[in-house]
2 protein chains.
Amino acid sequence: MENDSLTDKLKKAKDRFKSILEKNKNRKTPERFAILEEIYLNQTHFDAESLYIKMKQNSYRVSRATIYNTLDILVECDLVMRHQFGNNKTLYEKSYGFPEHHHIVCEQCGYIREFTDERLNGIVEDAAQLPNNEINRTALNIYTSCLDQDCVNLH
Amino acid sequence: MENDSLTDKLKKAKDRFKSILEKNKNRKTPERFAILEEIYLNQTHFDAESLYIKMKQNSYRVSRATIYNTLDILVECDLVMRHQFGNNKTLYEKSYGFPEHHHIVCEQCGYIREFTDERLNGIVEDAAQLPNNEINRTALNIYTSCLDQDCVNLH
DNA sequence: ATAGTTGCAAAAGCTTTGCAGTATG
DNA sequence: CATACTGCAAAGCTTTTGCAACTAT
């Protein structure tokens with residue numbers, strides 16, 4: 001599934017969303033699917049406001065309230081991940097059908113790179129050994145600075 | 001130094017703060033040292049507002065603006081670390097003289113545990129290998145849920 | 001003396017909430 | 001046709017900013 005095209009991934013995400021909404025007796029409104037589509041056909045690491053603006057530009061009129069509400073649901077459904085990279089801004093990222101990964105964030109220009117490392121699993125499992133707990137998610141963020149002046153242009 | 005008493009650590013933190021302020025030609029105001037003292041003699045993982053309230057309760061009157069300003073400086077001086085544990089709140093933690101560690105955060109009750117793992121260093125070094133970058137800090141956060149109802153009481 | 005700091009209050013930025021109207025099941 | 005959902009605007013929270021008054025050097 002990780003080799004699917006963008007539209008394949010969108011389709012699978014929609015199917016998942018549909019079935020979870022049905023299971024939970026939530027309504028399958030056009031707004032919810034339009035938001036999911038906007039997210040899955042576009043770039044990763046976005047904030048709520050940019051998503052709002054982008055949908056307005058695409059002539060799809062949704063309110064901010066619906067954006068926030070739907071993002072909450074999508075996170076709950078494991079279709080979207082919520083991140084915080086140290087600047088008091090919440091960023092989101094499509095996640096269903098994409099491999100788990102971690103982030104390297106430049107504190108100067110905000111550029112975000114992704115990486116994976118198998119060894120992390122062992123660390124996390126060992127660390128979280130405590131009765132009555134279950135791991136929901138793990139975030140490993142590496143914050144860097146560019147050594148050159150023109151940080152933004154380098155990436 | 002990691003075996004020093006709280007007051008020893010405070011003293012060393014004050015010395016460091018003093019010398020960095022002098023080096024940068026910043027003023028050594030009583031407010032700045034009062035805030036440092038409040039932080040170093042108290043519990044870890046606090047937010048700006050609680051610090052503000054606590055100082056007011058201790059009859060030390062500082063403005064919120066000074067709290068935020070001083071926290072910025074303390075972070076810059078490596079005397080305090082800034083954290084975000086996924087709930088849009090910035091938490092701070094005294095750090096000078098305390099071993100580096102990572103966090104396990106219960107998403108239900110907010111309880112925070114700390115852990116260390118030597119193996120992480122290798123992962124971080126391998127991940128961040130890119131010219132013109134330098135690592136400022138690394139945050140590994142494990143988010144959990146309690147499986148029991150009375151989550152808060154269990155910890 | 002002078003410029004860095006403080007305090008206060010206003011403003012900014014992001015997110016949540018209340019409510020009237022709408023549309024899904 | 002009942003009620004979950006949407007849109008809008010207001011409110012809430014945390015953090016930042018502007019400016020006059022103060023004080024460390």
Practice task
Would you mind telling me which of C:dC8, D:dG7, D:dT6 lies closest to the side-chain atoms of A:Arg32?
Solution key: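 For the A:Arg32 side chain, the nearest candidate turns out to be D:dT6.
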Nucleotide [N], atom [atom2] - distance to [atom1] of [X] in whole Å:
X       : N      : atom1 : atom2 : answer
A:Gln84 : D:dT14 : CD    : P     : 14 Å
A:Leu71 : C:dT15 : CG    : P     : 9 Å
A:Asn69 : C:dG18 : CG    : C1'   : 14 Å
A:Tyr52 : C:dG13 : OH    : P     : 16 Å
B:Asn88 : D:dT14 : CG    : P     : 10 Å
A:Arg64 : C:dT17 : CZ    : P     : 17 Å
A:Ile67 : D:dC5  : CD1   : C1'   : 14 Å
B:Tyr68 : D:dC13 : OH    : C1'   : 9 Å

Handout entry: Phosphate OP1/OP2 of C:dG7 contacted by B:Thr66 side-chain N/O (<4.0 Å)
Key =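 Yes, such a contact exists.
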Completion exercise
B/S/- along nucleotides 19-25 of chain D (protein heavy atoms under 4.0 Å) is ----BBS
Exercise for the section: Of all the heavy-atom pairs spanning B:Cys106 and B:Cys146, show the shortest one and how long it is. Expected result: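 Distance-wise, the nearest heavy atoms are SG-SG, 3.4 Å.
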Practice task
For residues A:His101 and A:Phe115, establish whether the separation of their ring centroids is below 6.0 Å.
Solution key: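 Centroid separation for A:His101 and A:Phe115: 6.0 Å or greater.
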Exercise for the section: Determine, for A:Lys11 against A:Asp15, whether the closest basic-nitrogen to carboxylate-oxygen distance falls under 4.0 angstrom. Expected result: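 Looking at A:Asp15 together with A:Lys11, the answer is yes, because their closest N to O distance falls below 4.0 Å.
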Handout entry: B:Arg137 bridged to A:Glu107 by N-O distance under 4.0 Å
Key =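 Yes, B:Arg137 and A:Glu107 are salt-bridged.
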Handout entry: Residues B:Tyr92, B:His83; criterion ring pair (Phe, Tyr, Trp, His ring centres under 6.0 Å); working and verdict
Key = CA-CA 6 Å; B:Tyr92 297 87; B:His83 298 293; 8.7 Å; no
Exercise for the section: Please determine if A:Arg16 forms a cation-pi arrangement with A:Tyr96, meaning its NZ or CZ atom is less than 6.0 Å from the six-membered ring centre and no more than 45° off the ring axis. Expected result: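 Yes.
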Exercise for the section: Answer yes if the side chains of B:Asn88 and A:Thr90 hold a donor-acceptor pair under 3.5 Å, and no otherwise. Expected result: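 Judged by distance alone, the side chains do pair up.
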Problem - Result of checking A:Arg64, A:Lys89, A:Lys54 against A:Asp47 for salt bridge (charged side-chain N to carboxylate O under 4.0 Å, His left out) - result: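 Option passing the salt bridge (charged side-chain N to carboxylate O under 4.0 Å, His left out) with A:Asp47: A:Lys89.
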Handout entry: Gap separating the CZ atom of A:Phe85 from the NE2 atom of A:His103, nearest 0.5 angstrom
Key =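 It is 4.0 Å, given to the nearest 0.5 Å.
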Handout entry: Angle by which the axis turns from one end of the helix from C:dA1-D:dT25 to C:dG25-D:dC1 to the other, five pairs per end, to 10 degrees
Key =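 One end axis against the other gives 30°.
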Handout entry: Of A:Ala65 and B:Val62, the one whose closest DNA chain C nucleotide lies more 5'
Key =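 The answer here is B:Val62.
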